[in-house]
Protein chains: 2
Amino acid sequence: MTTKEIKHVPEPVLRRLPRYLQILTRLKEEGIKEVSSTRIADELRLDSTQVRKDIEFTGIIGKPKTGFLVPQLIHAIESFLNWDNVTDAFLVGAGSLGTAILGYPGFNNYGINIIAAFDSNPEKAGGTIRNIPIFHIDKLPDLSHRMHVHIGIITVPAAAANEVATMMIDGGIKAIWNFAPVQLRVPKEIIVENVLLHASLSVLTRKLGQSIQDQK
Amino acid sequence: MTTKEIKHVPEPVLRRLPRYLQILTRLKEEGIKEVSSTRIADELRLDSTQVRKDIEFTGIIGKPKTGFLVPQLIHAIESFLNWDNVTDAFLVGAGSLGTAILGYPGFNNYGINIIAAFDSNPEKAGGTIRNIPIFHIDKLPDLSHRMHVHIGIITVPAAAANEVATMMIDGGIKAIWNFAPVQLRVPKEIIVENVLLHASLSVLTRKLGQSIQDQK
DNA sequence: TTTTAATCGAGAAAAATATATCGAGAAATT
DNA sequence: AATTTCTCGATATATTTTTCTCGATTAAAA
Ligand SMILES: NC(=O)c1ccc[n+]([C@@H]2O[C@H](COP(=O)([O-])OP(=O)(O)OC[C@H]3O[C@@H](n4cnc5c(N)ncnc54)[C@H](O)[C@@H]3O)[C@@H](O)[C@H]2O)c1
Ligand SMILES: NC(=O)c1ccc[n+]([C@@H]2O[C@H](COP(=O)([O-])OP(=O)(O)OC[C@H]3O[C@@H](n4cnc5c(N)ncnc54)[C@H](O)[C@@H]3O)[C@@H](O)[C@H]2O)c1
């Protein structure tokens, strides 16, 4: 790989890296300085070569016999995922799921910082959750332009999701984390990451159905 | 494929099927009787061959020029995912995320029916959410045995997740839908489906970081 | 010091997944 | 009735992702 060559990173790699990070953070707390790909792989039931290849993307090189330096690897993964410079985000839809996300303090460790929420229900406007203010949705266009927010989180009902996405994009948002079970119709330069819980469930229920069938 | 041969279904296929279902349900509401793989593919920005291949798993065969019958396909996918006979589930951890899930009526359409929730906080026990009773966690072993529940949902803090998983398995649960960001250590016959929101975020933040970098 | 054991990283191989090609069938159009 | 258009589904190909193999390197043990 030459100096400035941009190498494509497979999504499966991106999804595994935070899992490594989770182990590494724990090891660091335990005072462990070095870790091998074998150890990470064993904990996550993966192949050690895969772990090594994933780590290779971050640019960190290990040492035979001992492995990787824990703090160095943590830093490299966080930097690779862009989690070292936290990006501001808006959340739209302060319903039950939206409230849970707003209430979760952990996301700051994962690269995003929710600075405001919006809802179409006038009764929700004016309140705060964990010091995050909730505004009426009408305020979104103005505020997103002024605050240069780049990430939008959609937790509105499916029927409203596309409308909200359009507002976000008009407001300058570049990436959308979408929890509504619909396909967003957005320009292709907009990054969309869907959290499709029904897709997750489909894997679970199908496997369960199979395993029950197999027992017969 | 001979009569009783069990064909392995790739996970990516299982994750796409509910997305098809969502389109199909909408089309059915609009009174549309037939749909082609091309149309589904266009809406989801997929390849039509892939859609056809996925549908093939459900056993439905289409007709040239017109495609597939919408109601028939809906039924086939639901049956394939085991969503036609809804499975009872327990949820453990009636915190903010757990409450959101308990409050969501949509899961009954996705094959699961949450019949009870548990929490270690005595103050939460006794209440109900959407008519779902919340019990103290101590009641879990007894109740799960008596009620023959097969699915467990974990929405407790990461530190408590493994302990809860063990209790669930002892109680006869066969499949776990895990929202805690930890690797559950369970026997291999137990089905675990993780919802790793930090993994989803890692994809988003990395891509965003890249796209911002590329513009420079 | 020599031996042993563990690991990395490069390259090859295998497996899984996605995409392309094309003949045949069915509906609509001429 | 012939032609065009669209689609399915079988097969082949391409791409992506995972796993395997192995020599080199390092630390610890003998
Ligand atoms: N709650 C869950 O467990 C769960 C699970 C899976 C998926 N989801 C999805 O997440 C989304 C939200 O679910 P929920 O349970 O929080 O629903 P909810 O009804 O509790 O919350 C939706 C919120 O969005 C607001 N809203 C509606 N239209 C709006 C608009 N145009 N602009 C701004 N705000 C608007 C409503 O006022 C409400 O506060 C839905 O798409 C749902 O399918 C939720
Ligand atoms: N809220 C979110 O948006 C969000 C996002 C990503 C991941 N998660 C994960 O979901 C889980 C729950 O998050 P949350 O925000 O709802 O937390 P929370 O603190 O609001 O809820 C946790 C609940 O679990 C209960 N609990 C704790 N230990 C228990 C035990 N041993 N047995 C039974 N109940 C127990 C607590 O009493 C509490 O009610 C966490 O693992 C968190 O990392 C949450």
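- Across all non-hydrogen atoms, the minimal contact from Tyr104(B) to Tyr110(B) is OH-OH, 4.2 Å.
- For the pair Asp54(A) CG and dT17(D) C1', the interatomic distance rounds to 10 Å; values are reported in whole Å.
- When atom types are taken as modelled, the side chain of Ser144(A) and the backbone of Gly171(A) share a donor-acceptor pair closer than 3.5 angstrom.
- Arg26(B) and Gln22(B) are not linked by any side-chain donor-acceptor pair at a separation below 3.5 angstrom, with hydrogens and angles left out of the test.
- Considering only heavy atoms from C-beta on, Glu78(A) comes within 4.5 Å of Leu21(A) through its side chain.
- Between Asp119(B) and Gly95(B) the shortest heavy-atom distance is OD2-N, 4.0 Å.
- Remark: Lys207(B) engages Glu11(A) in a salt bridge, criterion side-chain N to carboxylate O under 4.0 Å.
- Salt-bridge formation is detected for the pair Arg15(A)/Glu193(A): a Lys NZ or Arg NE/NH1/NH2 atom is positioned less than 4.0 Å from an Asp or Glu carboxylate oxygen.
- Heavy-atom distances under 4.0 Å link DNA chain D to Glu56(B), Ile61(B), Gly62(B), Lys63(B), Pro64(B), Lys65(B), Gly67(B), Phe68(B) of residues 56-68 of chain B, given in residue order.
- Between Gln50(A) atom CD and dT16(D) atom C1' there is a gap of 12 Å when expressed in whole angstrom units.
- Residues Phe90(A) and Trp177(A) place their aromatic rings such that the two centres sit no closer than 6.0 Å.
- For Glu34(B) and Lys65(B), the salt-bridge test fails: no basic side-chain N is under 4.0 Å from an acidic carboxylate O.
- Side-chain contact between Val186(B) and Val192(B): present, with at least one pair of heavy atoms (C-beta onward) separated by less than 4.5 Å.
- Between the side chain of Lys53(A) and the base of dT16(D), no donor-acceptor pair under 3.5 Å is found.
- Remark: nothing in residues 184-200 of chain A comes within less than 4.0 Å of DNA chain D through any heavy atom.
- Shown for residues 13-47 of chain B: residues whose heavy atoms fall under 4.0 angstrom of DNA chain D, namely Ser36(B), Ser37(B), Thr38(B).
- In this structure, Arg52(B) reaches the dC8(D) phosphate: one of its side-chain N or O atoms is under 4.0 Å from OP1 or OP2.
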